[in-house]
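See below for the structure under consideration.
Note that ligands are numbered from 1 as they come in the structure, with each ligand's atoms numbered from 1 the same way. Computed from a predicted structure; not experimentally measured.
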Amino acid sequence: MAGNRTFTMIKPSAVRDQLAGPIITRIEEAGFRIMAMKLTHLTNIQASIFYQEHQGKPFFDGLIGFMSSGHVVAMILEKDDAVLDFRKLIGATDPNAAAPGTIRKLYGKSVQENAIHASDSDENALREERFFFSLMEQY
Ligand code: IDP
Ligand code: MG
């Protein structure tokens with residue numbers, strides 16, 4: 001059975017462009033409940049660990065530089081089938097290929113600066129929420 005939690009992070013470009021508010025509004029209007037939220041600024045090392053699955057890929061260094069370039073808004077979200085439904089809400093990795101009305105289509109600027117991160121499995125959602133939030137903050 002699919003889990004009911006996912007993890008998301010509004011990326012530095014979107015926070016810088018003052019799009020956190022509109023993005024959070026869309027998330028709530030789509031039925032996701034915010035269970036935890038944190039504004040923070042990742043170091044290079046923290047971003048590298050968060051994105052460790054992409055180490056060695058051609059876009060890795062650019063991604064890490066970008067993700068540590070400014071503040072992010074990290075959130076734990078709750079809804080039935082959270083991981084799958086949230087991936088649908090944000091759209092494809094490349095904003096140009098994302099479906100109309102999706103967050104990445106509306107607010108993404110490029111493949112790298114695609115406005116928002118979302119977990120791709122229940123297992124990764126748990127890893128990512130633990131990375132950003134201590135146990136105490138979840139209860
Ligand atoms: P996802 O965010 O849709 O899950 P992933 O393949 O997991 O996509 O890639 C993680 C992030 O790395 C993307 O959201 C994007 O910011 C960046 N990225 C992925 N592929 C490319 C690329 O080909 N060029 C530049 N950046 C990329
Ligand atoms: Mg991914």
Not counting sequence neighbours, which residues clear side-chain contact (heavy atoms from CB on, under 4.5 Å) with Gln52? List them please. Ile49, Gln55, Arg127
Does Lys11, backbone or side chain, put an N or O under 3.5 Å from an N or O of ligand 1? yes
Any Asp120 heavy atom less than 4.0 Å to ligand 1: no
Protein residue, atom and distance nearest to atom 4 (O) of ligand 1, heavy-atom basis: Arg87 NH1, 3.0 Å
Can you list the atoms of ligand 1 that are under 4.0 Å from a heavy atom of His54? 5 (P), 6 (O), 7 (O), 9 (O), 10 (C)
Please list the nearest protein heavy atom to atom 8 (O) of ligand 1 with its residue and the distance rounded to 0.1 Å. Thr93 OG1, 3.4 Å
What residues, two or more places apart in sequence or in another chain, satisfy salt bridge (charged side-chain N to carboxylate O under 4.0 Å, His left out) together with Lys105? none
The answer for which part of Leu63 has a heavy atom under 4.0 Å from ligand 1 is side chain
Apply salt bridge (Lys or Arg N to Asp or Glu O under 4.0 Å) to the pair Asp17 and Lys109, showing each step before the final yes or no. CA-CA 11 Å; Asp17 292 344; Lys109 298 202 281 197; 2.9 Å; yes
Ligand 1 and Glu113, any nitrogen or oxygen pair closer than 3.5 angstrom? no
Quick one: does Thr6's side chain get under 4.5 Å of Arg87's, heavy atoms only? no
Arg104 to ligand 1: N or O pair under 3.5 Å? yes
Hey, would you say the Phe86 and Phe32 ring centroids sit under 6.0 Å apart? yes
Using distance alone, with no hydrogens and no angle criterion, decide if Ser119 and Arg5 have a side-chain donor and acceptor under 3.5 Å apart. no
Side chains of Met67 and Met9 in contact at under 4.5 Å (non-hydrogen atoms): yes
Would you kindly check if the NZ (Lys) or CZ (Arg) of Lys38 is within the cone defined by 45 degrees around the ring axis of Phe132 and under 6.0 Å from the six-membered ring centre? no
Which bit of Asn114 gets closer than 4.0 Å to ligand 1, counting heavy atoms only: side chain, backbone, both or neither? side chain
When distances are taken from atom 25 (C) of ligand 1, the protein heavy atom at minimum range is Phe59 CB, 3.6 Å
Tell me, which protein residue and heavy-atom name are nearest atom 15 (C) of ligand 1, and how many Å apart are they? Val111 O, 3.2 Å
In ligand 1, the atoms that come under 4.0 Å of a heavy atom of Gln112 are 16 (O), 26 (N)
